[in-house]
Amino acid sequence: MQDFLNKFPINLKYNIKDLIAEPIKVNWKSFFFNNNEDDYRTGVIAQELEKDHPEFVSEDKEGMKTVKYIDLLVAKIAELELRLSKLEK
């Protein structure tokens with residue numbers, strides 16, 4: 001499992017670029033997992049997100065798709081900051 005904090009130093013990264021904020025269409029959902037009816041969650045469906053934004057979805061060798069939520073949320077924050085700065089002008 002990936003470290004949730006993503007505390008990786010710069011020397012472990014390459015091709016570093018400024019993020020260009022672009023609109024990201026996300027269809028937010030609420031749901032329960034099949035194996036735990038008490039585990040209410042909010043999020044997105046990986047297969048839906050993958051259609052327009054495959055960069056936020058990964059797939060393991062068994063074909064299980066997962067959402068890269070940290071990346072998605074950082075991109076959404078950048079999008080919102082850009083929209084806010086335009087409104088403030």
Side-chain angles (χ1 to χ4, degrees):
M1 181 177 221
Q2 185 177 357
D3 182 359
F4 179 75
L5 298 177
N6 266 340
K7 53 186 176 186
F8 301 110
I10 195 167
N11 61 331
L12 296 179
K13 300 172 182 172
Y14 69 97
N15 199 18
I16 300 170
K17 300 176 185 176
D18 288 339
L19 180 63
I20 299 171
E22 298 178 3
I24 301 168
K25 183 177 184 269
V26 177
N27 190 7
W28 299 104
K29 307 276 188 185
S30 64
F31 54 88
F32 293 89
F33 285 107
N34 291 337
N35 60 353
N36 188 348
E37 64 186 38
D38 297 326
D39 193 12
Y40 174 82
R41 296 292 184 98
T42 57
V44 298
I45 306 301
Q47 291 81 352
E48 290 179 3
L49 182 63
E50 185 179 40
K51 291 176 187 174
D52 294 321
H53 299 287
E55 67 273 21
F56 298 120
V57 178
S58 60
E59 184 174 348
D60 68 15
K61 57 187 171 190
E62 287 85 33
M64 180 68 70
K65 295 180 187 283
T66 56
V67 175
K68 300 176 189 174
Y69 277 106
I70 292 175
D71 296 345
L72 174 60
L73 295 175
V74 166
K76 289 299 288 180
I77 290 169
E79 174 192 343
L80 292 172
E81 285 180 338
L82 178 64
R83 291 173 60 191
L84 182 60
S85 70
K86 287 180 180 179
L87 288 172
E88 290 175 337
K89 291 182 181 179

message: With rounding to the nearest 0.5 angstrom, report the CD1 to CG distance, Ile77 to Leu82.
response: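 CG of Leu82 is found 14.0 Å from CD1 of Ile77.
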Taking only distance into account, with no hydrogens and no angle test, what donor-acceptor pairs under 3.5 Å do side-chain atoms of residues 22-31 form with protein atoms, sequence neighbours excluded?
none

More than 12 heavy atoms of other residues, nucleotides or ligands under 6.0 Å from [atom1] of [X]: is that the case?
X     : atom1 : value
Leu84 : CG    : yes
Asn36 : CG    : yes
Asp18 : CG    : no

query: So, for Arg41 and Phe33, which heavy atoms are closest and what is the spacing to 0.1 Å?
result: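 Smallest heavy-atom distance, with atoms named: CG-CE1, 3.6 Å.
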task: Considering non-hydrogen atoms only, spot the tightest contact between Ala21 and Ala78 and give its length.
output: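 Taking every non-hydrogen atom into account, CB-O, 3.5 Å.
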Cut-off 3.5 Å, no hydrogens considered: what does the side-chain donor-acceptor table look like for residues 45-56, sequence neighbours left out?
residue, atom, partner, partner atom, Å
Glu50, OE1, Lys65, NZ, 3.0
Glu50, OE2, Lys65, NZ, 3.1
His53, ND1, Glu55, OE2, 3.4

- prompt: Going only through I, L, V, M, F, W and Y residues with side-chain contacts under 4.5 Å, is there a path from Leu73 to Leu80?
  reply: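 In one cluster with Leu73: Leu80, no.
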